[in-house]
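Okay, structure first, notes after.
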Protein chains: 2
Amino acid sequence: MKENNDKLHNLRHSLAHLLAAAVLKLYPGTKNTIGPSIEDGFYYDFDFTSPISDKDLPKIEKKMKEILKSWKGFESEEKTEKEAKEYFLKNEYKIELINEITGKGEKITFYTCGSFTDLCRGGHLENPSKEIKSDSFKLDRVAGAYWRGNEKNKMLTRIYGLAFETKEELETYINQREEALKRDHKKLGKELDLFLFSETVGKGLPLFTPKGTTIRRELERFIVDEEIKRGYLHVMTPDIAKLDLYKKSGHYPHYKDSMYAPIKIDEDEFMLRPMTCPHHFELYLGKPHSYRELPMRIAELAQLYRYEQSGELMGLIRVRTFCLADAHIICASEEQAIEEIGGALDLIEYVTSVFGLKLDVDYRYRLSLGDRNNTEKYYKNDSAWEKGEKLLRELMKNRKSNFEEVKDEAAFYGPKIDIQMKNAGGKEDTAFTVQYDFCMPERFDLTYTGEDGKPHRAFVIHRSSIGCIERIMALLIEKYAGAFPLWLSPVQVKVIPVRTNHNEYAKQIFELLKENNIRVELDDEEANLGGKVRDAKNNKIPYWIVIGDKEIEAKKITLESRDNGQLGQISKKELLTKLTQEIKEKK
Amino acid sequence: MKENNDKLHNLRHSLAHLLAAAVLKLYPGTKNTIGPSIEDGFYYDFDFTSPISDKDLPKIEKKMKEILKSWKGFESEEKTEKEAKEYFLKNEYKIELINEITGKGEKITFYTCGSFTDLCRGGHLENPSKEIKSDSFKLDRVAGAYWRGNEKNKMLTRIYGLAFETKEELETYINQREEALKRDHKKLGKELDLFLFSETVGKGLPLFTPKGTTIRRELERFIVDEEIKRGYLHVMTPDIAKLDLYKKSGHYPHYKDSMYAPIKIDEDEFMLRPMTCPHHFELYLGKPHSYRELPMRIAELAQLYRYEQSGELMGLIRVRTFCLADAHIICASEEQAIEEIGGALDLIEYVTSVFGLKLDVDYRYRLSLGDRNNTEKYYKNDSAWEKGEKLLRELMKNRKSNFEEVKDEAAFYGPKIDIQMKNAGGKEDTAFTVQYDFCMPERFDLTYTGEDGKPHRAFVIHRSSIGCIERIMALLIEKYAGAFPLWLSPVQVKVIPVRTNHNEYAKQIFELLKENNIRVELDDEEANLGGKVRDAKNNKIPYWIVIGDKEIEAKKITLESRDNGQLGQISKKELLTKLTQEIKEKK
């Protein structure tokens, strides 16, 4: 692997040089700055004398291919500071780099290939003309980039290129990227009118439209009802609390950086909650509890607030407020706690199966461990950490689940099992999590009365089932590419009369479906049938019903499916049975 | 009425004198201060040399009745400042009052009845011994009260008395008060384990227990589903936004005092939202709209934040965060707006009918008007105010609804119709509201494309349907005295096996009900049957099922109702039909 990676890096880095050579040939007077290899290719940042655009890329690419033929090998040469600065006399960027290198006492090396020379640390192919296939790379796009990433510096022009070892790999990558872009939840969210952001409301604070809200409501009711079936006790607690509460829980020093600033009023400071746990613990403390009540599964659809840096924000995946399907299970013993973790994983596996997500394909398990040496980040109790990690490891082995162990990814109060999922763009995030906590029961003095009539220390499991509603929505939009299953579709059926004289019967069908709680739209505008059907398809509506003379005569309807095409004429009763059954089964 | 009120006032005020006379007789050295008549009687504030308690009240009351016999009439006498101060030489409270009276240039009057003289402005009965029935008043309780209500002053002892014209009226009042106290939602909320407050979380921030959350969830789903049926488009928008948004809406100066302080981070200031409207307007502005889409009824269960003074907080009635069933209806014309207000009132009348609340009995309409002279409080546009108020008045008259007009109770952006409801304690609050807004459409530049293809200014209706979930919960707890109808009951059915050998069959019934989404509890502990039934009754569970030998033999169950007693043996199928029907009908 390492060797391949190095080879690909050298290829991409050599192409960055080639790009600079071509640009300097085509645009004399341009100042070249730096050009590294990246994940899918390379880029180079330039200070052009006049702006260029994506339109100029084919010309540059052509020039690169011309030059490539003459690039037989890189030659390196060590230079003195003076020599280097003389070479880049009019290039203040390179001068700055040279000053930095000499400041660190490092050597200055120049690399030359063909007639192009650059200040460089090395890492190239031996024979570019031979090793680079001219159809395995492609200039991708032009973008603005501040010199050294600092917005106080000048904005330069960055040219991105894609590069692989073969033409096939390049094409596969481009196709996958296009496919992912089509599935991008930000793009689909806009096209399908599911959510939006407003500059006046604020970054990272999504506003869900009626359609997006329908999906969210279905998800919320689904998980609440499922959890209640499984013995969870749903509660509702406030989204703010006095700072004291988060000091008591210990979240304040640990999560301070991602919490919103305090709200000072009168003598108190209030905080937007970053976590639900202290709220549930206060509720638990509201009255004494017996061992008979445990395990007590306290659940909530909890709105939480974390102040992510604006650069970290990403559609619905990373926002500044989100609704977590959260729960805290108060347990009487370690054994009960481990059993409950198993139950929580069962629920997660059920929920993902409803969405058609597969373990080890769409998501994977990660056992996130603490770090005994980092007492600032993690609650100090070595033996509890050892035992907790061991118990979780055993549980995962007993379940025969694949999982990866990762150090230094635990919660501050204990180890956890994370369910990792990738978005369409390939970035992985934690979708759901089940956490073992031996710290909070002490901090909050969570006890129960045992069979012996005496108070005992409780154990706590923190877990999410469906995760953050916003994030799972994003992942599902991308998974389904916006074509939601019937139960989640904002509009489930569209009724389309062929001409206005079919409107009356169409209205009857519309009302019938509405009365039966099916989300239905009637498109009775005087417009072209083809256009109406196209609109249904563009909106990825699962079913549409075309009503014309034949249907009225037969007192039937013709059903067409987004996924399965024409389904033929059926009776109203058959229609209702089919739809309600499919909604119920969440298929 | 006026005459009666005056008489009752004079009676109560005379009794305050009588109370002071009795106290000074029994506790020489006590300093009497002031003693007015109040809503249900009177009080007098004293500075006692040693503390007294409720236990001392019968003795004082007895002394009052003794003295009363000799009280044939009040005589008034004007005093000079010097004379008055000499009379109250050792009473610094009266000296302070005398200074105030002379400071204002008013006359000092003393009133004497029997052997008791007090500094007083008058307002007494002509002949107390004849006009006061000794069984029509009663000393009520002792409480602490700061001199002149200022917490920097000395804490005095206040003795409250109840007083009416007849014994019957007194008894009726006491009974009603006891009844109201039994219904008090704060008391029932605790007894029935519906919600609690935590000092660590903060005052006025309720935590709903699993049982309280069940009621809340039922209410929330009920109103969301009903609104969707009526063409509302439910959305979800964030609970915080940049301060800019509330400056844009104009809420910031108008609601500043009741808003939480800003949260300053980076360059921005964020606010907890006190209102939903600006969020819905931003959503509306997310894309252009046609006249065909109007009226557009944008609805949300919106969590709102208002920082009430701690003295204003009251159970779930007045809290520091609440969930409003809010909506903003964007209309194309004034006519459409008035029609939509009518539709909103229809919805309110439907919702209240489901709760068994009656117009003009349990709630009443109030037309809340602006004040043309108060341009600080109200948006300036006289003709719009005149027209809006006229339209609302006409609407109410056309609906043939009784309503009261009240000045200076409007929203800052327009007049409104308030639905006023009293809690068990008799305090009236606005439960729901429908508001006409001619201000926000301008501020937010809310437009739509008309049939003419040109942009037109929209009109906006703000309305709540079920009001704040917290407040309606409080009012319903009090209305039902905790005995919720089946659909709202946290536990709908309790299954009680007579002895442990009936547990298996009881479990079957329990599972059957659970599978059919009925909230059921199984009480299979080895305990006394009577105790189990008493527990069901105390928890106001609508139905319980006792399972014994007879039931197992007949393969039936015996159903007992909280409201209708024994309902006899029925089959499992009959049980399911009965319960699901009753839940569906919300009876």
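First the proteins, then the strands, lettered A, B, ... as listed; each starts at 1.
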Under 4.5 Å from any heavy atom of chain B, what part of [X] do you find: side chain, backbone, both or neither?
X: A:Leu196; answer: side chain
X: A:Ile228; answer: side chain
X: A:Asp193; answer: side chain
X: A:Ile298; answer: neither
X: A:Phe270; answer: side chain

- Can you tell me if B:Arg273 and B:Thr237 form a side-chain donor-acceptor pair at under 3.5 Å? yes
Under 4.5 Å heavy-atom distance to chain A, tell me which part of [X] shows up: side chain, backbone, both or neither.
X: B:Val224; value: side chain
X: B:Leu283; value: both
X: B:Leu285; value: neither
X: B:Tyr260; value: both
X: B:Arg519; value: neither
X: B:Lys287; value: side chain

- Message: Counting the benzene-type ring for Trp, do B:Tyr246 and B:Tyr252 have ring centres under 6.0 Å apart?
- Response: no
- Message: Let's test your reading of the structure: which of B:Asp225, B:Asn517, B:Asp244 forms the most heavy-atom pairs below 4.5 Å with chain A?
- Response: B:Asp225
- Task: Kindly indicate, with the supporting measurements, whether the criterion side chain to side chain donor-acceptor pair (under 3.5 Å) is fulfilled by A:Glu300 and A:His234.
- Result: CA-CA 5 Å; A:Glu300 181 169 6; A:His234 264 267; over 6 Å; no
Sort out for me which of [options] touches chain B most, counting heavy-atom pairs under 4.5 Å.
options: A:Lys248, A:Arg221, A:Lys211, A:Arg292; result: A:Arg221
options: A:Thr321, A:Leu272, A:Ile240; result: A:Ile240
options: A:Lys203, A:Glu525, A:His280, A:Met271; result: A:Glu525

Examine distances only and state if a side-chain atom of [X] and a backbone atom of [Y] form a donor-acceptor pair shorter than 3.5 Å.
X: A:Arg320; Y: A:Glu308; answer: yes
X: B:Asp535; Y: B:Gly531; answer: no
X: A:His289; Y: A:Tyr284; answer: yes

- Going by heavy atoms in the side chains, are B:Tyr305 and B:Phe322 under 4.5 Å from each other? no
- Query: Do the rings of A:Phe197 and A:Phe195 sit parallel, tilted or perpendicular, given the 30° and 60° boundaries?
  - Reply: perpendicular
